[in-house]
Amino acid sequence: MRGNSTTTYGSVTKSFHWLIALLIITMIPLGIYANGLHYDTGEALAFKAQMFSIHKTLGVFIFFTALARIAWAISQPKPALLNADKRLEAMLAELVHWTLYAALVLVPLTGWIHHAATTGFAPIWWPFGQGLPFVPKDDAFAHTFASLHIVFERVLAISIVLHVVGALKHHFIDKDITLKRMLPGTTEPDSVPEQHRSALPIIGAVGAYMLALVVGVNLGLFAATEQDSVPRLAAVESGWTVQDGTLAITVRQLGSDVEGSFADWTAAINFAEEPDANGVHGDVEVQVAIGSLSLGSVTAQAMGPDFLNAETHDTAVFKADILEDGLTYTANGTLTLKGMEVPVNLPFSLQIDGDTAVMQGQTRLNRTSFNIGETYPDESSVGFDVAVTVNLTATRN
């Protein structure tokens, strides 16, 4: 394996160049194809996930290959530009190279961070886990990096086009050996012009990325998602006021747990420590804005007509009496979801300190009871069981 000289590229550099080129021309069409696939059946969902897993796994491979390529380039002599006497053209060529190098790192890295910040759907095929250090599981964070991934993808695509056009110009118009120097074999130039090095191409590449980000912002790529802008439920009168709490669910998809939560819900709670003559401690009515659900990478699927159908059924309602159950309590009532009313029992623990109550409860629902996911009749793609977890702190009014 041969390194670079001041006039030619070595076999290591050439191998890196063509390996990354092959990976890129595979990755971009694969990503477009996977994104356009439907997932209206279990088999279709599994195939879409498989295509995205290949895309993500190759992306991680490209990231490390690009780092190795850049490290090798730094350690090697840089072959002279054959058009260095054309100062503007040479500077633009260098600008494209710097932009392309950055894109080869930034595109897979932002995609990887987006993957690590969300949950569920299409894992990376490797044994080192799906998360990244210092990357939280947060939908807003994931949305930002998904948008950056899209912006940098466009920069990568434009850089590749300019790079190819430049190489073809050298070969067919200038008739020099710039393109041949990257092909197998050793090709020495007859002579090289005086070289002029400056920081302007690097500055220009930074400017290109800043411009791309400005364009992305103006196109609305970084704007709040549709789920982020769901109208909030109106406040309710209650004997107890919820100060803090979470309403979370866990579903099983393609063999992995996917965790999510509802950002907007209200609870009208009437509770007394002493039960009435029928053993009832009070009642509760919980209203949930379906559109406020964040469920990792499958949020859009969950909102669709075959699942929660948020556009038609925008609110779920749980009404229950609060009963004592040994050392704990249970909310025994009905859940109305997607037009279906189903009996639900929610066991929970309760600690009351003065006028402050801390409640923790969990129950399990069967999605088929609410006609959710009817085109997924078995559990090979989407499990039947849905775990619901409620935690809240409330104060007595």
Side-chain angles (χ1 to χ4, degrees), residues 16 19-70 100-157 159-160 216 221-222 225 250-260 294-302 380-382:
F16 271 127
L19 173 60
I20 291 176
L22 177 62
L23 290 170
I24 291 297
I25 62 176
T26 301
M27 281 283 292
I28 293 177
L30 180 60
I32 295 172
Y33 172 68
N35 194 57
L37 288 172
H38 296 288
Y39 45 87
D40 50 354
T41 66
E43 293 77 11
L45 176 64
F47 182 70
K48 184 181 180 79
Q50 185 180 49
M51 293 299 101
F52 265 115
S53 285
I54 295 173
H55 178 80
K56 293 176 182 181
T57 305
L58 287 178
V60 172
F61 183 67
I62 289 175
F63 174 74
F64 288 112
T65 304
L67 289 182
R69 166 73 176 92
I70 293 170
L100 186 54
Y101 276 142
L104 291 176
V105 173
L106 291 174
V107 172
L109 179 60
T110 51
W112 192 1
I113 293 175
H114 167 246
H115 170 83
T118 190
T119 56
F121 190 71
I124 297 170
W125 289 340
W126 73 340
F128 304 111
Q130 304 300 314
L132 282 173
F134 312 113
V135 176
K137 294 290 185 183
D138 181 84
D139 287 336
F141 190 83
H143 174 64
T144 297
F145 277 88
S147 301
L148 288 172
H149 186 63
I150 292 171
V151 170
F152 295 153
E153 272 182 338
R154 304 310 186 262
V155 175
L156 173 62
S159 300
I160 290 172
L221 292 178
F222 296 91
T225 61
T250 302
V251 301
R252 189 83 173 165
Q253 185 174 58
L254 298 172
S256 299
D257 286 340
V258 184
E259 299 177 351
S294 295
L295 193 60
S297 58
V298 299
T299 301
Q301 180 187 7
S380 60
S381 297
V382 181

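Side chains included, hydrogens not; waters and symmetry mates left out as well; all remaining heavy atoms used.
- No donor-acceptor pair closer than 3.5 Å links the side chain of Ser297 to the backbone N or O of Thr118.
- Nearest heavy-atom pair across Leu221 and Val151 is CD1-CG2, 3.7 Å.
- At most 12 non-hydrogen atoms from other residues, nucleotides or ligands lie less than 6.0 angstrom from CD of Glu259.
- Atom CZ of residue Phe63 and atom CG of residue Leu106 lie 9.0 Å apart, to the nearest 0.5 angstrom.
- Annotation: ring pair (Phe, Tyr, Trp, His ring centres under 6.0 Å) contacts involving residues 19-45, sequence neighbours excluded, are absent.
- The shortest side-chain heavy-atom distance between Ile24 and Leu156 falls under the 4.5 Å cut-off.
- Across all non-hydrogen atoms, the minimal contact from Val107 to Phe152 is CG2-O, 3.3 Å.
- The closest side-chain heavy-atom distance from Ser381 to Leu254 is below 4.5 Å.
- Here the NE2 atom belonging to His114 is positioned 8.5 Å from the OG atom belonging to Ser147, to the nearest 0.5 angstrom.
- Residues Val135 and Phe141 are in side-chain contact: their nearest non-hydrogen atoms beyond the backbone lie under 4.5 Å apart.
- Inter-residue side-chain proximity for Thr57 and Trp126 is flagged as unmet; no heavy-atom pair is nearer than 4.5 Å.
- Using a 4.5 Å heavy-atom threshold, the side chains of Arg252 and Val382 count as separate.
- The shortest non-hydrogen separation linking Ala49 to Ala122 is O-CB, 3.5 Å.
- Aromatic ring orientation, Phe52 versus His55: perpendicular (interplanar angle above 60°, classes split at 30° and 60°).
- Proximity of a side-chain donor or acceptor of Thr250 to a complementary backbone N or O of Val258 within less than 3.5 Å is not detected.
- Here Leu295 contributes atom CG and Thr119 contributes atom OG1; the two are 6.0 Å apart, rounded to the nearest 0.5 Å.
- With rounding to the nearest 0.5 angstrom, the CG atom of Leu45 is 6.0 Å from the CZ atom of Phe121.
- Atoms CD1 and CH2, from Ile62 and Trp112 in turn, are 13.0 Å apart once rounded to the nearest 0.5 Å.
- Across every non-hydrogen atom of Gly59 and Pro108, the tightest pair is O-CB, 3.2 Å.
- No side-chain heavy atom of Leu104 sits less than 4.5 Å from a side-chain heavy atom of Arg69.
- Separating the NE2 atom in His149 from the NE2 atom in His115 is a distance of 12.0 Å, to the nearest 0.5 Å.
- The shortest non-hydrogen separation linking Pro123 to Ser53 is O-OG, 2.7 Å.
- Side chains of Trp125 and Gln50 form a contact here, defined as non-hydrogen atoms less than 4.5 Å apart.
- Listed here is the closest heavy atom pair of Ser159 and Leu100: CB-CD1, 3.9 Å.
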